Amino acid sequence: MALLEVEGLTVAFRRQAGLFRQRTMEVIHGLELTVDAGQVVAVVGSSGSGKSLLAHAIMGLLPDNAHCSGSIRYDGTLLDAARVSELRGKEIAIVPQSVTYLDPLIRVGKQVRHAASAGGGEGERLQKQVFARNGLAEETARMYPHELSGGMARRVLASTAIISGAKLIVADEPTPGLNEAAALETARQFRELADAGCAVLFITHDIQLALSFADRIVVLYAGTVMENAAAADFAGDGERLRHPYTKALWQALPGNGFKPLGGSQPHPDMLPPGCLFAPRCCHASEDCTSQRPEFMPLRDGAVRCFHAS
Amino acid sequence: MRSRDNHSLLRLMKALLWKALRLASLLAAISIVSFILVSNSPVDPVQAYIGADMLVVSHEQRELIASYWGLDDPPAEQFFRWGSALLHGDMGVSMIYQQPVTEVIGERFVSSLSLMAVSWLLSGIIGFTAGVLAAMNKGRWLDRIIKWYCYALASTPTFWMGLVLLIVFAVWLGWFPVALGVPAGKLAEDVSLLDRLRHMILPALTLSIVGISSIALHTRQKLIDVLESDYVWFAKARGEKGFTLFFRHGLRNIALPALTLQFTSFGELFGGAVLAEQVFSYPGLGQATVEAGLRGDVPLLLGIVLFTAIFVFAGNAIADVLYRTVDPRMKERGTL
């Protein structure tokens with residue numbers, strides 16, 4: 001059953017251009033994805049593809065000058081501003097990117113206890129339990145954020161989500177800077193959470209890591225989803241993949257030919273009129289450069305391409 | 001744990017010693033510079049001392065006064081005489097008050113202290129609150145009013161503010177006395193605490209109003225930064241809101257910089273007091289400074305200069321120590 005359903009999500013920023021003119025810059029366009037309970041869905045994309053913004057939009061904590069349309073539903077009901085503010089930290093939790101998300105003046109144990117729904121002695125017991133489970137020494141609780149190593153910081157951040165008892169966990173790039181073993185360990189943790197019944201949305205740019213534990217892969221490009229595929233579709237030469245960009249990503253991996261894709265992702269200010277990927281696509285036809293393809297279901301997945309079959 | 005405590009104690013001792021050394025060298029430098037300035041000043045102390053009686057005092061008498069004060073010795077000799085007496089705790093005798101300098105400073109400082117303490121507290125509390133309110137309402141009318149008020153005050157000279165208050169509250173409305181620290185013509189033993197308070201309100205208000213803007217603007221900017229920080233975002237994402245959010249993350253992170261700023265403002269506080277006391281003829285240290293300067297009272301002037309330096313230094317040192325003991329990020333880093 002889908003716990004999180006994002007439909008036609010569009011995020012635009014208003015920006016002052018000159019003295020009187022305001023410009024809007026659309027950074028996420030018609031984004032669709034669903035996450036079921038017990039599932040890990042990895043959102044994969046390069047930087048600037050709108051991954052973090054998606055996380056912020058789900059939490060209902062976009063900057064003031066952002067305008068958001070489309071719908072986000074949680075457990076079947078629309079997640080509007082009032083409801084998300086009610087559910088944040090209780091049903092929906094986020095694991096942020098870096099140690100700067102911890103208050104520099106508060107001991108980390110206390111900050112983790114703040115995230116627990118239970119207070120007092122129960123909160124402390126839970127925090128000790130979560131720290132032990134995450135391989136954090138008991139003394140870590142008495143440290144300040146600046147005293148943590150990179151790996152410890154990530155575990156502390158993950159602890160806040162685990163202790164909250166949330167059913168939907170959004171992890172916003174929780175692995176950069178970790179060595180491979182630590183990254184895999186983090187991944188295993190989120191897998192366990194999903195196996196225990198949580199819905200996990202795992203945002204990353206590391207497609208290999210995502211493939212090692214996620215159920216579905218959502219490929220983001222220039223602010224929209226190009227393909228939604230099962231992790232199992234990433235195999236062989238990528239013949240089961242639906243979109244040229246996904247195939248290119250797959251073939252760029254060291255084990256699959258190491259073929260780089262030329263060109264770069266368009267800036268939100270200068271989007272091509274047709275398919276966003278057309279300028280870099282070797283199959284691009286006339287249609288591709290003039291019209292945007294719809295996001296269509298295909299073979300137990302979905303794709304945004306005229307030529308997919 | 002114990003060895004860590006010992007270690008930090010040792011570090012504290014070292015830091016204190018270092019601070020004391022810095023203070024000593026600062027005082028020595030200030031003494032020399034002030035002395036050079038004063039001895040090159042166009043004000044003739046003898047003439048300033050005699051004042052209107054100039055015509056009846058003969059040339060010989062004047063020279064007698066000068067040699068009594070040691071003014072005809074070379075400046076270097078005068079300086080060393082003053083310096084060695086100072087090292088023995090003797091700051092000399094004030095020429096205009098005919099009283100030991102320490103006594104003059106002591107008396108004057110007590111009346112200035114209450115004035116400065118009241119305005120320091122008032123400007124700190126009001127400024128901090130205003131800054132917080134402005135930041136919480138960023139861009140709205142309350143923020144605009146507070147900002148406008150602060151900018152206007154930041155460019156207002158203290159003496160002008162004092163004159164305005166004087167005209168409005170003392171002259172037009174007659175709520176407060178026009179000048180002095182106690183009612184004129186009243187015997188010292190008849191002066192009540194209420195009298196003193198009534199005389200202190202306007203000068204204290206002047207100093208507070210002028211002192212508000214820097215702390216308010218600073219707090220406002222700091223809180224805006226904190227509210228836009230990643231950790232406040234994450235606190236919101238964990239479901240914290242309203243007063244809990246502000247108390248846990250906002251207040252803690254802005255209180256320390258605000259306190260530091262307030263302690264380092266001792267210098268401006270003293271500078272403001274000089275002007276405010278002059279406007280209100282309030283018998284404080286600031287007024288004594290002006291008198292000593294205009295009438296060439298070198299021992300008193302140097303005494304006040306040294307005292308002020310220690311006062312301002314103490315403010316800075318308190319701010320420094322506060323930061324070191326309260327902010328966990330500073331604790332680990334050794335030297336002062």
Side-chain angles (χ1 to χ4, degrees), chain A residues 52 55-65 82 84-108 110-117 119 139 142-148 153 156-157 159-161 163-166 168-172, chain B residues 1-5 7-8 132 134-140 143 219 222-260 319 322-334:
Chain A
S52 284
H56 288 217
I58 293 170
M59 298 309 292
L61 288 172
L62 286 167
D64 289 340
N65 63 335
V84 76
S85 129
E86 202 51 49
L87 297 182
R88 269 199 297 261
K90 297 192 191 82
E91 299 262 316
I92 307 173
I94 187 164
V95 179
Q97 286 178 12
S98 73
V99 71
T100 58
Y101 284 84
L102 291 172
D103 189 319
L105 298 185
I106 306 180
R107 295 180 197 278
V108 296
K110 199 167 176 191
Q111 297 196 55
V112 171
R113 291 198 287 279
H114 282 165
S117 41
E139 303 90 82
R142 294 192 48 77
M143 288 183 163
Y144 288 97
H146 73 277
E147 297 172 301
L148 301 178
V156 168
L157 290 170
S159 303
T160 59
I163 205 171
S164 69
L168 170 64
I169 294 175
V170 180
D172 187 8
Chain B
M1 215 51 200
R2 180 137 294 263
S3 78
R4 201 160 149 200
D5 284 352
H7 187 64
S8 60
V132 167
M136 299 286 256
N137 295 285
K138 188 189 162 199
R140 273 176 261 176
D143 178 36
T219 303
K222 187 75 198 165
L223 185 56
I224 286 174
D225 290 347
V226 167
L227 290 177
E228 284 171 359
S229 72
D230 288 346
Y231 56 86
V232 165
W233 186 90
F234 186 42
K236 284 185 198 160
R238 288 186 311 235
E240 291 180 22
K241 50 188 124 177
F243 188 73
T244 317
L245 179 74
F246 170 70
F247 187 76
R248 273 187 193 162
H249 306 286
L251 198 59
R252 272 163 185 266
N253 279 286
I254 55 170
L256 198 55
L259 262 176
T260 315
L322 255 182
Y323 236 107
R324 246 149 257 281
T325 45
V326 180
D327 192 328
R329 284 164 296 185
M330 300 294 284
K331 269 187 204 159
E332 305 301 316
R333 316 201 182 137

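Everything quoted here is computed from the prediction, not taken from an experiment. Throughout, a chain's letter reflects where its sequence line sits, starting with A, and its residues are numbered from 1.
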(message) Show the nearest heavy-atom pair for residues B/Ala237 and A/Ile94, with the distance to one decimal.
(response)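 Answer, listing the atom of B/Ala237 first, then A/Ile94: CB-CG2, 3.6 Å.
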(request) Would you name the heavy atoms of A/Leu102 and B/Phe234 that are closest together and state the gap between them? (result) CD2-CE2, 4.4 Å
(message) Counting only non-hydrogen atoms closer than 4.5 Å, does A/Leu87 touch chain B with its backbone (N, CA, C, O), its side chain (CB onward), both, or neither?
(response)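 Interface part for A/Leu87: neither.
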(request) Give, as side chain, backbone, both or neither, the part of A/Thr100 having an atom under 4.5 angstrom from any heavy atom of chain B. (result)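 Both parts, backbone and side chain.
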(request) Rounded to the nearest 0.5 Å, what's the gap from CE on A/Met59 to NZ on B/Lys236? Could you check? (result) 12.0 Å
Mind checking side chain to side chain donor-acceptor pair (under 3.5 Å) for [X] and listing every partner two or more places apart, or none if nothing turns up?
X        : value
B/Asn137 : none
B/His249 : A/Asp103, B/Glu240
B/Thr260 : none

(message) Would you say B/Arg248 and A/His114 are linked by a side-chain donor-acceptor pair, where the criterion is simply a distance under 3.5 Å?
(response) yes
(request) Could you please state which residues from residues 252-259 of chain B sit under 4.5 angstrom from chain A, measuring non-hydrogen atom to non-hydrogen atom, sorted by number, or 'none'? (result) B/Arg252, B/Asn253
(request) Output the option from A/Pro104, A/Ala115, A/Pro96, A/Ala93 having the highest count of non-hydrogen pairs under 4.5 Å with chain B. (result)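 Option with the top pair count is A/Pro104.
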